[in-house]
Colleague: 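Would you mind keeping the following structure in view while I ask a few things?
Throughout, protein chains are lettered first and strands after them, A, B, ... in sequence-line order, and every chain is numbered starting at 1. All values reported here derive from a predicted model rather than from experimental measurement. Computed over heavy atoms, backbone and side chain alike; hydrogens, waters and symmetry mates excluded.
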Amino acid sequence: MYRTNTCGELRISDAGKTITLAGWVQKTREFGGMTFVDLRDRYGLTQLVFNMETEPDLCRQARDLGREFVVRATGKVAERSNKNQNIPTGDIEIHVTKLEILNPAEVPPFTIEEASDGGDEIRMKYRYLDLRRSPLQRNLALRHRMAQEIRKYLDLQGFLEIETPVMIKSTPEGARDFVVPSRMNPGQFYALPQSPQMFKQLLMVSGYDRYMQIVKCFRDEDLRADRQPEFTQIDCEMAFVEQNDILSTFEGMAKHLFKHVLNVDFDKPFLRIPYEQAMSEYGSDKPDLRFGMKIKEIGSQVTGFGFQVFDDAEYTGAIVAKGCAGFTRRQLDDLTEFVKKPQIGAKGLIYTRYSDDGTIKSSVDKFFDAAALQGWAEVTGAKTGDLLLILAGKKEKTLKALGELRLEMGRQLNLMNKNTFIPLWVVDFPLVEWDDETQRFYAMHHPFTAPKPEDIPILDIDPGKVHANAYDLVINGVEIGGGSIRIHDSRLQAKMFEVLGFTPEQAEYRFGFLMNAFKYGAPPHGGIAFGFDRWVSLFAGLSSIRDVIAFPKNNMGRDVMQDSPSQIDAEQLKELNIRLGQNEL
RNA sequence: GGUCGUGUAGUUCAGUUUGGUUAGAAUGCCGGCCUGUCACGCCGGAGGUCGCGGGUUCGAGUCCCGUCGCGACCGCCA
């Protein structure tokens, strides 16, 4: 046997046993007469002891060990005279009788400990070293645990895990595709799937009425801390269901995960909020409900006083920051700067302080008297001691800005505890959105999403007003997953393509196989897909998904360890029938 | 495509506002001392194209222009 135990399991009850451990040297501490070595593996840290008086050769050998040497040590488990409360193996140590260096190591560029001294860049370059650290190992173990629990739950619900192809047909709708040239079919390309959307719908047509897959998806779009070019979805589809069947099945899955991974119970059903309410109350389609501070419309209260900004505004809204009447001029200026950033895009910020001493002071006192300001308090629910923050402008933009301001206040006031989880369903999304640039409607979810039956009559007249049977699971302001009931009627699907501005020929070229399939008895069906990486990072309390992916890419889509993407030889290009443009040569 | 931040020792950073002698600290590394450490301690040492290129200047880590890397965000992501 290579080793008899791991570095995390020995306890005081093992004292006296002769054991063999193998692992990495984390640190050596040398004294005149003795040497301590911390030996690490995936399971923990165990202290090895060498005594110069009793075993001088071994002790000298131990002193030559460097950080991250791979060693095997045999010895006797002994109770420590000085115990370490901080680690699980802190009551024991190993009196080593045999030490083997399995592999020496160069000095690593950063320390491989719980908290490394290395920054992101160097740790990404040496990802295999960073992955040795316990925070990363915990994250990947959490990811594994969650994947197991998901499969366990869905298996019990009768879902089949079915693999779908990775090389598929390119569909220009939605995100940009990554493409793969076909050597055997010169000039033609596969695409990597943005999701297995059409395949899972075909599986419904084929009668696999409960499908699931934990699957890689690929989107060639610009990245963020929570977006990678390749990412993992928990992809699911069900036949013979209505929206509520799907929501309750996957609410069950979410609760199962919370219970069995974090030991968090939810006794009540998740809140369900229509899209329009989410937008009007939180200025976001993924509201963070860990705190209130709802947006209140105050337009009718503030117009007609001769204040141009309000009088001309399509919309005026406010949020109440509880207990913030004491904000300094400096703090308010900073908030104004915040909302004026181009990313937020507000023209300015108006505020009213309802001070503890009863005085009311606003940044627009010239136009509004105390009675008017008191009226605002009544409409918004602002009390003595509160601060009212007001934005005005175009409705949609102003709501989004208020939503950002609300989140900023939530951060400043520490209202976002990462150990509190408030899940909700956002429902009744619009079916399509208008794009000014290309002068056409785009599917908000995807082109197979079913309109709400009661809205079908206005699909021709006013597509922008049609609601969809589409839903998102949102937890703490993070969109964890989303899905819809699908269109299973080929005539309605054809109508949908028409609304999206496809000619019948274009629809046939891109989606013909799906529409054909629907002619042969498609069951009513719908599904959902979850961003697995985001869900793991949420459970891990992290804001970047990179720390829950073993080998992630940076924000330019590069793997800085492999240094990919990279050029390929002329020979390979020739074989693939690809000629590069002048810029790339 | 855009906005912002950042790049100095193996590593993490200070120094840049106001240009001026030999660019510092901590940690890691190497050597010495130390028999109960576990962030060990003490003494000593090595270690720098200040991202790269150009410009201004008597003089540039510091100012200007360009460029590259990294990070965050907006657009984008059905």
Side-chain angles (χ1 to χ4, degrees), chain A residues 26-40 45-54 59 63-64 66-68 78-87 89-91 93 106-126 129 171-177 194-195 197-198 217-229 231 337-338 340-345 400-401 404 429-433 435 437 441-449 468 470 479 482-484 496 500 510-511 529 531 543-544 546 554-556 558 560 563:
Chain A
Q26 174 141 327
K27 192 169 241 182
T28 58
R29 288 178 293 278
E30 292 169 22
F31 292 78
M34 60 195 322
T35 295
F36 301 98
V37 175
D38 289 338
L39 192 66
R40 183 196 70 239
L45 207 63
T46 297
Q47 176 167 285
L48 312 178
V49 195
F50 300 84
N51 193 313
M52 192 59 94
E53 207 163 88
T54 54
C59 195
R63 287 186 176 197
D64 289 335
R67 281 164 53 204
E68 301 306 313
E79 181 173 3
R80 291 200 199 180
S81 54
N82 272 357
K83 297 190 169 63
N84 182 350
Q85 314 290 347
N86 301 319
I87 58 173
T89 61
D91 286 351
E93 61 193 357
E106 289 187 16
V107 176
F110 49 87
T111 59
I112 300 177
E113 294 172 20
E114 180 78 23
S116 174
D117 65 354
D120 292 343
E121 205 169 335
I122 190 107
R123 286 189 291 113
M124 278 302 175
K125 184 166 176 195
Y126 296 90
L129 295 181
T171 56
E173 200 70 352
R176 281 187 205 92
D177 284 322
Q194 299 170 25
S195 81
Q197 184 59 35
M198 282 185 274
C217 301
F218 306 86
R219 291 177 191 175
D220 186 9
E221 294 294 343
D222 287 3
L223 306 176
R224 294 285 187 277
D226 64 347
R227 267 162 38 189
Q228 286 273 301
F231 60 100
E337 283 306 305
F338 175 82
K340 283 168 82 171
K341 281 195 305 190
Q343 291 93 322
I344 311 285
K400 281 185 182 167
E404 291 295 336
F429 276 81
L431 184 69
V432 295
E433 357 173 51
D435 179 61
E437 208 170 303
F441 284 105
Y442 280 84
M444 189 145 179
H445 186 57
H446 58 54
F448 318 112
T449 299
E479 182 195 327
S484 63
M496 182 67 184
L500 295 176
R510 293 171 185 177
F511 308 112
S543 50
S544 170
R546 286 175 207 164
N554 75 4
N555 61 355
M556 286 299 287
R558 298 199 68 85
V560 295
D563 195 24

Colleague: Would A:R558 and A:D563 pass as an ion pair if we require N to O under 4.0 Å?
Modeller: yes
Colleague: Given atom CD of A:E113 and atom P of B:U27, what is their separation to the nearest angstrom?
Modeller: 13 Å
Colleague: Mind checking if A:R224 touches a base, just sugar-phosphate, or nothing, with heavy atoms under 4.0 Å?
Modeller: base
Colleague: Between B:U27 and B:G45, how far apart are the two C1' atoms, rounded to whole Å?
Modeller: 16 Å
Colleague: Closest-nucleotide mapping onto RNA chain B: is A:D117 or A:R63 further toward the 5' terminus? I mean the 5' end.
Modeller: A:D117
Colleague: Look at the side-chain N and O atoms of A:R123 and state whether any lies under 4.0 Å from the OP1 or OP2 oxygen of B:U11.
Modeller: no
Colleague: Suppose you measure atom P in B:C40 against the same atom in B:C29; what distance do you get, rounded to whole Å?
Modeller: 10 Å
Colleague: Using the side-chain heavy atoms of A:P109, tell me which of these nucleotides is nearest: B:G69, B:G75, B:G10.
Modeller: B:G10
Colleague: In whole Å, what separates the C1' atom of B:A25 from that of B:G36?
Modeller: 31 Å
Colleague: Across the strands shown, which category fits A:M444 at heavy-atom distances under 4.0 angstrom: base, sugar-phosphate, nothing?
Modeller: sugar-phosphate
Colleague: Is there a Watson-Crick or G-U wobble partner for B:G61 with both distances under 3.5 Å, and which nucleotide is it?
Modeller: none
Colleague: Using both distances under 3.5 Å as the test, list the Watson-Crick or G-U wobble partner of B:C13, or none.
Modeller: B:G24
Colleague: Looking at A:D38 and A:R29, is there a salt bridge between them, counting it only when a charged N and a carboxylate O are closer than 4.0 Å?
Modeller: yes
Colleague: When you compare B:A60 with B:U22, how far apart are their P atoms, in angstrom units rounded to a whole number?
Modeller: 12 Å
Colleague: Remember a base hit wins even if backbone is also touched, and classify A:E93 as base, sugar-phosphate or nothing at under 4.0 Å, heavy atoms.
Modeller: base
Colleague: Does B:C4 have a Watson-Crick or wobble mate here (both distances under 3.5 Å), and if so which one?
Modeller: B:G71
Colleague: Between A:N554 and B:G71, does any side-chain N or O lie under 4.0 Å from OP1 or OP2?
Modeller: yes
Colleague: Just N and O in the side chain of A:N82: are any of them under 4.0 Å from OP1 or OP2 of B:C38?
Modeller: no
Colleague: Using a cut-off of 4.0 Å on non-hydrogen atoms, how would the nucleic acid contact of A:V49 be classed: base, sugar-phosphate, or nothing?
Modeller: nothing
Colleague: Remember a base hit wins even if backbone is also touched, and classify A:E53 as base, sugar-phosphate or nothing at under 4.0 Å, heavy atoms.
Modeller: base
Colleague: B:G71 phosphate, OP1 or OP2: any side-chain N/O from A:R546 under 4.0 angstrom?
Modeller: yes
Colleague: From the set B:G36, B:U3, B:G75, return the single nucleotide nearest to any side-chain atom of A:R227.
Modeller: B:G75
Colleague: Identify, between A:K27 and A:T54, the residue whose nearest nucleotide on RNA chain B lies closer to the 5' end.
Modeller: A:T54
Colleague: Of the options B:G36, B:U3, B:G28, whose atoms approach the side-chain atoms of A:Q343 most closely?
Modeller: B:U3
Colleague: What is the nucleic acid contact for A:K125, judged by heavy atoms within less than 4.0 Å: base, sugar-phosphate only, or nothing?
Modeller: nothing
Colleague: Identify whether the distance between the nearest side-chain nitrogen and carboxylate oxygen of A:R176 and A:E221 falls below 4.0 Å.
Modeller: yes
Colleague: So, does the side chain of A:R29 form a donor-acceptor pair with the base of B:C34 at under 3.5 Å?
Modeller: no
Colleague: Tell me what A:T35 touches on the nucleic acid: a base, only sugar-phosphate, or nothing, going by heavy atoms under 4.0 Å.
Modeller: nothing
Colleague: OP1, OP2 of B:G71 versus side-chain N and O of A:N555: anything below 4.0 Å?
Modeller: yes
Colleague: Using a strict 4.0 Å threshold on nitrogen-to-oxygen distance, state whether A:E404 and A:K341 make a salt bridge.
Modeller: no
